[in-house]
> 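Have a look at this one before I ask anything.
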Amino acid sequence: MTAERQGHSAHFEEALPDVLMRIVSELHDVAYLIERIEPQLSDTRGETHLTEADRMMVLQGIDLAVQKTRGLAEFIDTVTSTIPAEWLVDVTTAVSLIKLADMQRSLGHGSLRRGHSQPIDDSAGAFEAF
């Protein structure tokens, strides 16, 4: 009988450095996608819903998001090089915890921002080292 038939979910273990390097790759992809938005906003001509000052704040916010994303990727990449390949992580449990955290956030109040470095209404471009 499999673990799933016995009422337990199957667990999949993977080397922690491999998992972290996939996260690094995803963060670099996110930074690239965010960067692709910026030219479209800066080339906006004609009727726009943003004032020039607001548009500048949005562009600065995009730059900050790219910098933070790349900084996190580089940090994880550096830390990963010191982790032995023998260290395993239960990917099934890790993904379940992420899904649980997402559900808790979506069910929570919009005003709560646990785990974030800045509230949404902070000035765009304000730097906070992680």
Side-chain angles (χ1 to χ4, degrees):
M1 230 184 214
T2 66
E4 291 174 314
R5 288 186 183 168
Q6 294 174 352
H8 301 98
S9 61
H11 293 275
F12 177 67
E13 289 185 340
E14 193 171 336
L16 181 57
D18 293 343
V19 172
L20 292 175
M21 290 312 295
R22 283 204 320 269
I23 292 170
V24 166
S25 177
E26 291 295 324
L27 287 170
H28 281 297
D29 288 348
V30 167
Y32 173 74
L33 292 171
I34 294 170
E35 270 185 323
R36 291 183 55 195
I37 296 169
E38 190 172 15
Q40 294 173 359
L41 289 175
S42 62
D43 288 343
T44 303
R45 293 184 178 90
E47 215 170 299
T48 179
H49 298 287
L50 297 175
T51 66
E52 193 62 33
D54 287 340
R55 189 166 61 201
M56 184 58 66
M57 285 179 55
V58 168
L59 293 174
Q60 288 174 343
I62 290 171
D63 286 341
L64 181 61
V66 169
Q67 290 171 18
K68 282 188 169 193
T69 303
R70 286 204 173 112
L72 286 168
E74 293 304 318
F75 173 75
I76 293 170
D77 190 17
T78 301
V79 169
T80 300
S81 67
T82 65
I83 298 174
E86 298 80 35
W87 286 14
L88 300 178
V89 63
D90 181 345
V91 178
T92 306
T93 301
V95 170
S96 295
L97 292 174
I98 291 169
K99 289 178 183 176
L100 178 61
D102 287 343
M103 278 194 298
Q104 288 174 333
R105 272 195 301 275
S106 68
L107 294 173
H109 299 290
S111 61
L112 296 177
R113 301 203 62 216
R114 293 185 193 119
H116 296 280
S117 62
Q118 295 178 330
I120 292 174
D121 60 350
D122 271 5
S123 299
F127 177 75
E128 181 177 316
F130 58 91

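Since the model is a prediction, treat every value here as computed from it, not as a measurement.
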> Hey, could you give me the OG1/CZ distance between Thr93 and Phe12, rounded to the nearest 0.5 Å?
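Output value for this atom pair is 12.5 Å.
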
> What's the spacing between Leu64 CG and Leu59 CG if we round to 0.5 Å?
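Leu64 atom CG to Leu59 atom CG measures 12.5 Å (nearest 0.5 Å).
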
> Indicate if Leu88 and Val91 have the same hydrophobic cluster label, given that clusters are the connected sets of ILVMFWY residues with side-chain heavy-atom separations under 4.5 angstrom.
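No, it is not one cluster - the side chains of Leu88 and Val91 are not joined through contacts under 4.5 Å.
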
> Could you pull out every donor-acceptor pair under 3.5 Å between side chains of residues 17-33 and any protein atom, sequence neighbours left out?
residue: Arg22; atom: NH1; partner: Glu14; partner atom: OE1; Å: 3.4
residue: Arg22; atom: NH1; partner: Glu14; partner atom: OE2; Å: 2.3
residue: His28; atom: NE2; partner: Glu74; partner atom: OE2; Å: 3.4

> How many angstroms lie between atom CD1 of Ile62 and atom CZ of Arg36, to the nearest 0.5 angstrom?
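One finds 13.0 Å between CD1 of Ile62 and CZ of Arg36.
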
